There are 2 protein chains.
Amino acid sequence: MSARKTDTEQRQEQITQAALDLINDKGVSGLSIAGIARRVGIVPSALYRHFTNKDAVIDAVLDLIRQRLLDNVAHVRQQTDVPLEQLRLLLIRHAFLLDENRAIPSVVFSEAVYTGAPERKARVTGIITDYLKEIQAIIASGQQDGSIHKKIEPVTAAVLFMGMILPAAILSNISEGLFDIASHVKNVWPAFVRSVSTRTE
Amino acid sequence: MSARKTDTEQRQEQITQAALDLINDKGVSGLSIAGIARRVGIVPSALYRHFTNKDAVIDAVLDLIRQRLLDNVAHVRQQTDVPLEQLRLLLIRHAFLLDENRAIPSVVFSEAVYTGAPERKARVTGIITDYLKEIQAIIASGQQDGSIHKKIEPVTAAVLFMGMILPAAILSNISEGLFDIASHVKNVWPAFVRSVSTRTE
DNA sequence: CAGAATTGTGATTCACAATTCACATTATAG
DNA sequence: CTATAATGTGAATTGTGAATCACAATTCTG
């Protein structure tokens with residue numbers, strides 16, 4: 001009854017992913033070393049071969065989240081050059097990501113952040129602000145090509161952009177899917193366009 | 001070294017408020033019976049004279065939150081009859097509330113919800129949907145008097161309304177106030193108006 | 001004021017989770 | 001194939017927090 005040996009790099013990935021999954025299922029407070037180990041198929045103490053402690057695991061999860069968020073941005077940039085279209089695609093992707101991973105709002109929020117060291121808080125802040133910066137950049141480029149009017153500040157628009165999804169993601173998670181994110185996204189997008197676009201239909 | 005005796009009703013209020021404060025300071029995971037008791041000035045075991053267990057305390061906190069949210073709605077209704085103005089005032093109040101009480105997003109989010117019984121989740125869902133219903137009602141009345149166009153569904157507009165503040169509140173909390181909620185609210189409100197109002201300036 | 005009810009206290013139990021450690025097993029270099 | 005490093009295991013340690021309980025202090029009632 002011994003797990004197959006696997007080199008640290010792979011195990012670290014498995015552990016990080018398992019931790020994220022576990023948070024999705026049980027929230028941050030349900031994240032235990034034992035729970036992670038069980039999912040990976042090793043014994044709790046074995047986990048310490050690959051991470052120094054629980055905090056290190058959480059840090060890895062944060063890195064994973066940052067990566068997922070920024071990957072979405074990179075992806076939509078590759079799909080089109082039209083800023084408003086980039087935003088629309090990003091909205092869909094972002095909604096999907098939050099819908100699948102309630103861990104993201106959950107982690108980003110509170111517990112893990114304030115329990116751990118103060119650097120933890122800075123780390124989370126960094127993830128969010130970096131992501132926001134990307135969105136701001138898209139908006140700024142829309143303002144340059146004239147498709148987005150300049151009355152609105154990029155920061156404001158970017159935060160509003162997140163606001164289209166965050167509450168929806170919460171509602172969806174909490175209501176056990178009674179609230180449908182996909183249809184909300186479809187409905188809210190035109191409203192967002194009205195509020196930022198120069199195009200008056 | 002004994003605390004003055006206080007009747008259960010008052011103690012319950014003190015305890016609930018202390019719990020809310022504690023969550024504001026340390027997040028939901030930092031909420032402990034010992035911590036609450038210390039703030040109230042009694043010994044941990046004494047708390048069980050007034051609440052059957054920790055879950056009951058959390059339920060009381062949830063009730064308090066619901067009350068604060070709905071009070072805001074009642075208040076703005078009293079101030080004006082103009083739907084858009086009601087929304088603007090509510091936005092300001094809501095922003096202030098979330099800014100002061102990071103406990104609200106924190107609690108509403110995850111931990112307490114999923115750790116406890118399944119009814120807990122329903123309770124939180126109830127709070128949010130009740131609050132949303134109030135906002136929807138304001139929006140619907142705006143549609144009736146013609147100030148808000150009917151292209152947008154009340155639910156969508158209501159969720160977007162929350163979206164104006166929620167991410168801002170998070171940013172403010174996380175960034176240690178570097179992100180200023182008040183100015184965000186000022187900037188985002190015109191955008192919201194553009195997206196829902198019939199008035200074309 | 002006496003006695004009952006209420007509220008407060010400290011010690012204690014219980015469960016649970018993080019971490020460590022000595023030892024076992026497996027992989028891998030030479 | 002064997003020595004050595006890397007990985008896995010189970011038991012033990014430690015810490016923490018919720019909850020209980022017998023007893024003490026206090027309020028309140030008549």
Side-chain angles (χ1 to χ4, degrees), chain A residues 1-19 21-23 25-61 107 110-117 120, chain B residues 1-19 21-23 25-62 106-107 110-117 120:
Chain A
M1 267 218 275
S2 188
R4 205 167 41 245
K5 292 200 175 181
T6 310
D7 65 66
T8 290
E9 202 170 339
Q10 286 183 52
R11 275 286 190 242
Q12 283 177 338
E13 282 176 23
Q14 293 175 0
I15 290 168
T16 308
Q17 184 61 51
D21 293 345
L22 191 52
I23 296 174
D25 280 6
K26 313 211 175 173
V28 178
S29 67
L31 182 71
S32 68
I33 297 292
I36 298 170
R38 200 175 321 118
R39 288 189 179 225
V40 173
I42 57 179
V43 115
S45 58
L47 190 146
Y48 290 84
R49 296 286 178 202
H50 313 291
F51 285 95
T52 60
N53 54 30
K54 192 179 175 181
D55 270 0
V57 176
I58 295 177
D59 281 342
V61 170
V107 163
S110 47
E111 314 315 299
V113 183
Y114 303 102
T115 304
R120 180 65 57 71
Chain B
M1 265 211 279
S2 190
R4 209 175 29 250
K5 292 200 174 180
T6 309
D7 66 65
T8 290
E9 203 170 337
Q10 286 183 49
R11 274 286 190 243
Q12 283 177 340
E13 283 175 24
Q14 292 175 359
I15 289 168
T16 308
Q17 184 60 52
D21 293 345
L22 190 53
I23 297 174
D25 280 7
K26 314 210 175 174
V28 179
S29 67
L31 182 71
S32 68
I33 297 293
I36 298 170
R38 201 175 319 118
R39 289 189 176 224
V40 173
I42 57 179
V43 115
S45 59
L47 190 145
Y48 290 88
R49 295 287 178 203
H50 313 291
F51 285 95
T52 60
N53 55 30
K54 190 179 175 181
D55 270 0
V57 176
I58 294 178
D59 282 343
V61 170
L62 288 178
S106 183
V107 163
S110 46
E111 313 315 300
V113 182
Y114 303 103
T115 305
R120 180 65 56 72

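Predicted model, so just to flag it, every value in this text is computed and none were measured. Letters A, B, ... mirror the listed sequences (proteins, then strands); counts begin at 1.
The distance from the CD atom of B:Gln14 to the CD atom of B:Glu9 is 11.5 Å, given to the nearest 0.5 Å. Atom CG of B:Leu31 is separated from atom CG of B:Leu22 by 5.5 Å, given to the nearest 0.5 angstrom. Distance check: A:Glu13 CD to A:Thr6 OG1 gives 11.5 Å after rounding to the nearest 0.5 Å.
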Residue pair B:Leu62, B:Val107: steps toward the side chain to side chain contact (heavy atoms under 4.5 Å, CB included) verdict: CA-CA 8 Å; B:Leu62 288 178; B:Val107 163; 3.3 Å; yes
When you look at A:Ile58 and A:Val28, which way does the side chain to side chain contact (heavy atoms under 4.5 Å, CB included) test go after all the steps? CA-CA 10 Å; A:Ile58 295 177; A:Val28 178; 5.7 Å; no
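In this entry the distance linking CD of B:Gln10 with C1' of D:dT26 reads 15 Å, nearest Å. For the pair A:Asp7 CG and C:dA27 P, the interatomic distance rounds to 12 Å; values are reported in whole Å.
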Exercise answer: donor-acceptor pairs, residues 35-52 of chain B side-chain atoms, under 3.5 Å, sequence neighbours excluded:
| unit_1 | atom_1 | unit_2 | atom_2 | d |
| --- | --- | --- | --- | --- |
| B:Arg39 | NH2 | B:Asp25 | OD2 | 2.7 |
| B:His50 | ND1 | B:Thr8 | OG1 | 3.2 |

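Shown for residues 45-53 of chain A: residues whose heavy atoms fall under 4.0 angstrom of DNA chain D, namely A:Ser45, A:Ala46, A:Arg49, A:His50. For DNA chain C, the neighbouring residues in residues 37-44 of chain B, judged by any heavy atom under 4.0 Å, are B:Ile42, B:Val43.
Under the 4.5 Å side-chain criterion, counting only non-hydrogen atoms from C-beta, A:Val57 is not in contact with A:Thr16. The shortest side-chain heavy-atom distance between B:Asp7 and B:Gln10 falls under the 4.5 Å cut-off.
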What pairs of nitrogen or oxygen atoms, one from the protein and one from nucleotides 27-30 of chain D, lie under 3.5 Å apart?
none

I'd like a table of atom pairs between the protein and nucleotides 12-17 of chain C - only N or O on both sides, under 3.5 Å - with the distance next to each one.
none

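Take B:Gln17 and apply the side chain to side chain contact (heavy atoms under 4.5 Å, CB included) test, not counting sequence neighbours, and it matches B:Leu20, B:Asp21, B:Leu64, B:Arg68.
For B:Thr6 and C:dT7, the shortest distance from a side-chain N or O to OP1 or OP2 is not below 4.0 Å.
When the nearest nucleotides of DNA chain D are assigned to A:Thr8 and B:Gly35 by heavy-atom distance, the more 5′-ward of the two goes with A:Thr8.
A:Lys26 contributes no side-chain N or O that, together with a main-chain N or O of A:Ser32, makes up a donor-acceptor pair within less than 3.5 Å.
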